[in-house]
Amino acid sequence: QVQLVESGGGLVQAGGSLRLSCAASGRSFSSYAVAWFRQAPGKERDFVAGVSRDGARIYYSDSVKGRFIISRDNAKNTVSLQMNSLKPEDTAVYYCAAAITGTVFRAPNSYDHWGQGTQVTVSS
């Protein structure tokens with residue numbers, strides 16, 4: 001139904017910024033809620049930010065609130081995550097995920113479609 005590809009990861013110094021992009025292929029992208037998750041070595045995959053299919057509802061984890069911004073452009077089939085004031089604890093593999101729902105899910109197992117992930121490393 002939909003395929004997701006992340007891009008924009010890399011190595012950045014603490015305090016710097018990165019912009020991640022999730023490009024979707026396939027029809028009916030506007031039917032999907034999209035969320036970003038991250039997973040550090042030896043840790044669980046955790047919710048970072050999510051946006052509803054109409055863009056009306058946006059949610060952030062407490063650890064990134066005020067620093068990260070999620071947005072979507074249904075005309076271009078893309079979702080972005082602007083990451084500012086990065087900290088070493090933000091280091092992880094970042095994944096985008098999609099699910100057909102009118103709301104936003106925070107649990108990883110609620111999503112059926114996943115990208116392959118992109119590495120973000122923040123040095124001190």
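These numbers come from the heavy atoms of this one structure, side chains and all, not from hydrogens, waters or symmetry mates.
By the 30° and 60° cut-offs, the orientation of the rings of W114 relative to F37 is tilted.
Interatomic distance, CD of Q119 versus CG of L11, reported as 9.0 Å (0.5 Å rounding). One distance of note links CD of Q13 with CG of L86; it measures 11.5 Å at 0.5 Å rounding. Going from atom OH of Y95 over to atom CG of D46 covers 12.5 Å, rounded to the nearest 0.5 Å. In this structure, OG1 in T78 is found 5.0 Å from CG in D73, a value given to the nearest 0.5 Å. The OH atom of Y32 sits 8.5 Å away from the CG atom of D112 when rounded to the nearest 0.5 Å. Between atom CZ of residue R19 and atom CD1 of residue I69 there is a gap of 11.5 Å, rounded to the nearest 0.5 Å.
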>> Walk me through whether W36 and C22 qualify under side-chain contact (heavy atoms from CB on, under 4.5 Å).
In response: CA-CA 9 Å; W36 287 93; C22 178; 3.7 Å; yes
>> Before you tell me yes or no, could you show the steps for K76 and S21 under side-chain contact (heavy atoms from CB on, under 4.5 Å), namely the whole-Å CA-CA distance, both residues' side-chain angles and the distance that decides it to 0.1 Å?
In response: CA-CA 12 Å; K76 297 181 178 179; S21 295; over 6 Å; no
>> salt bridge (charged side-chain N to carboxylate O under 4.0 Å, His left out) for K87 and D90? Distances and angles first, verdict last.
In response: CA-CA 5 Å; K87 305 174 181 179; D90 295 319; over 6 Å; no
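Cluster membership for Y94 and Y60, using ILVMFWY side-chain heavy atoms within less than 4.5 angstrom, is shared. Follow the hydrophobic side-chain contacts under 4.5 Å out from V34 and you never reach V93; the two are in separate clusters.
Taking the ring axis of F29 as reference, the NZ or CZ atom of R72 stays within 45° of it and closer than 6.0 Å to the ring centre.
At least one donor-acceptor pair closer than 3.5 Å links the side chain of E6 to the backbone N or O of C96. In this structure, the side chain of Q116 does not engage the main chain of V5 through any donor-acceptor pair within 3.5 Å. Looking only at distances, a side-chain donor or acceptor of N74 sits under 3.5 Å from a matching main-chain atom of R53. A distance-only check finds no donor-acceptor pair linking the side chain of R106 to the backbone of F47 [under 3.5 Å]. Side-chain atoms of Y111 come within 3.5 Å of backbone N or O of F105 as a donor-acceptor pair.
Smallest separation of non-hydrogen atoms from L18 and G8: CD2-O, 3.9 Å. Of all the heavy atoms in N84 and S17, the pair that sits closest is OD1-OG, 3.0 Å. Here the closest heavy-atom approach between residue T91 and residue V122 is recorded as OG1-N, 2.9 Å. Pairing each heavy atom of A24 with each of L4, the nearest pair is CB-CD2, 3.7 Å. Scanning both residues, A92 and A40, for their nearest heavy atoms gives CB-N, 3.9 Å. Residues V51 and V104 share a closest heavy-atom pair of C-CG2, 3.7 Å.
For A33, the side-chain contact (heavy atoms from CB on, under 4.5 Å) criterion is met by T101, not counting sequence neighbours.
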